[in-house]
K.L.:
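Okay, here's the structure, questions in a sec.
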Amino acid sequence: MYNKIILDQINKRIEDIIRNQLYQKYPYGIKYKGRGPKVASSSLARSVSSSFDTSRMEYDVSMEEYGKYVDKGRKPGKFVPIKPLERWIKQKGLKPRDKKGKFITHESLAFAISASIKRYGIRPTNFMLKSEQLILTDTILNELLEQLIVDNIETIEIQ
């Protein structure tokens with residue numbers, strides 16, 4: 001039987017690596033020069049969970065459904081849902097104005113963003129690919145896996 005404490009440490013380490021990749025700076029768009037993390041409310045980062053399968057020595061990662069769009073991006077061609085965009089706008093504290101300087105509604109801005117995404121898409125961040133590379137080369141994680149295997153061999157020999 002595998003040591004539950006070590007398994008929990010392995011899962012936590014994998015989750016931390018993925019969360020750290022979400023907080024890395026990525027370019028927002030093709031023409032926009034600014035850079036920032038792909039985190040608005042932290043709900044995606046909080047939703048990341050890992051489970052290590054000892055029989056196959058593989059890990060499975062689960063997260064909120066929209067994580068795939070953050071990772072792989074979105075091709076042009078379809079509007080995105082308005083309600084999640086409105087929540088994102090409120091969380092970011094955006095207060096947009098029109099050409100005359102008057103405030104516009106969050107709904108209007110959400111429609112404009114949705115139209116922009118329909119036209120240009122969203123660039124991929126590939127945070128999962130980068131996370132996988134870091135997971136494979138992480139020395140702490142490799143030491144935990146070694147310890148897990150050695151502990152399992154010792155318990156098999158004792159029985």
K.L.:
Going hydrophobic residue to hydrophobic residue with side-chain gaps under 4.5 angstrom, can you get from Leu136 over to Ile140?
P.N.:
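No.
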K.L.:
I'd like to check Glu146 versus Leu148 (side-chain heavy atoms, cut-off strictly below 4.5 Å). Are they in contact?
P.N.:
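Of all side-chain heavy-atom pairs linking Leu148 with Glu146, none is under 4.5 Å.
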K.L.:
So which residues get pulled into Leu129's cluster when ILVMFWY side chains under 4.5 Å apart are joined, directly or through others?
P.N.:
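For Leu129, no cluster forms, as it stays isolated from other hydrophobic side chains.
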K.L.:
Looking only at side-chain N and O atoms, does Tyr69 offer a donor or acceptor that is under 3.5 Å from a partner on Thr125?
P.N.:
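Thr125 vs Tyr69: no donor-acceptor pair found between side chains.
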K.L.:
Among all residues two or more places apart in sequence or in another chain, which pass the side-chain hydrogen bond (donor to acceptor under 3.5 Å, both in side chains) test with Ser47?
P.N.:
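With neighbours one apart ignored, the set is empty.
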K.L.:
For residues 7-19, run the donor-acceptor check on the side chains, cut-off 3.5 Å, and write out each pair with its distance to 0.1 Å, sequence neighbours left out.
P.N.:
from  : atom 1 : to     : atom 2 : distance (Å)
Asp8  : OD1    : Lys4   : NZ     : 3.4
Asn11 : OD1    : Ser50  : OG     : 3.4
Asn11 : OD1    : Phe52  : N      : 3.0
Asn11 : ND2    : Leu7   : O      : 3.3
Lys12 : NZ     : Asp16  : OD2    : 2.9
Arg13 : NE     : Asp138 : OD2    : 2.9
Arg13 : NH2    : Asp138 : OD1    : 2.8
Arg13 : NH2    : Asp138 : OD2    : 3.4
Glu15 : OE2    : Ser50  : N      : 2.8
Arg19 : NE     : Ala45  : O      : 2.7
Arg19 : NH2    : Val48  : O      : 2.9

K.L.:
As an exercise, state the distance from NZ of Lys130 to CG of Leu22, rounded to the nearest 0.5 Å.
P.N.:
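Answer rounded to 0.5 Å: 11.0 Å.
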K.L.:
Could you pull out every donor-acceptor pair under 3.5 Å between side chains of residues 102-110 and any protein atom, sequence neighbours left out?
P.N.:
from   : atom 1 : to     : atom 2 : distance (Å)
Thr105 : OG1    : Ser108 : N      : 3.0
Thr105 : OG1    : Ser108 : OG     : 2.9

K.L.:
Applying the 4.5 Å side-chain criterion to the ILVMFWY set and letting contacts propagate, would Ile89 and Phe111 be lumped into a single cluster?
P.N.:
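In one cluster with Ile89: Phe111, no.
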K.L.:
Identify the heavy atoms of Thr137 and Gln133 that sit nearest to each other, and give their distance.
P.N.:
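In terms of heavy atoms, the two residues are closest at OG1-O, 3.0 Å.
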K.L.:
Report, as yes or no, whether the 6.0 Å neighbourhood of atom CD1 on Ile5 holds more than 12 heavy atoms from other residues, nucleotides or ligands.
P.N.:
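Check fails, neighbour count at 12 or below.
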K.L.:
Not counting sequence neighbours, which residues clear side-chain hydrogen bond (donor to acceptor under 3.5 Å, both in side chains) with Ser43? List them please.
P.N.:
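Per chain and number, Ser43 pairs via side-chain hydrogen bond (donor to acceptor under 3.5 Å, both in side chains) with Ser41, Tyr66.
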K.L.:
Measuring from atom CD of Glu58 to atom OG of Ser51, what distance do you get when rounded to the nearest 0.5 angstrom?
P.N.:
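Between atom CD of Glu58 and atom OG of Ser51 there are 10.5 Å.
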K.L.:
Could you measure the distance from the CG atom of Asp151 to the CD1 atom of Ile6? Nearest 0.5 Å is fine.
P.N.:
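Separation between the atoms: 4.0 Å.
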K.L.:
Hey, can you pull the donor-acceptor pairs under 3.5 Å for the side chains in residues 70-83, sequence neighbours left out?
P.N.:
from  : atom 1 : to     : atom 2 : distance (Å)
Asp71 : OD1    : Phe127 : N      : 3.0
Asp71 : OD1    : Met128 : N      : 3.1
Arg74 : NH2    : Phe79  : O      : 3.4

K.L.:
Supply the atom-to-atom distance Ile135 CD1 to Tyr59 OH, rounded to the nearest 0.5 angstrom.
P.N.:
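The OH atom of Tyr59 is 3.5 Å from CD1 of Ile135, to the nearest 0.5 Å.
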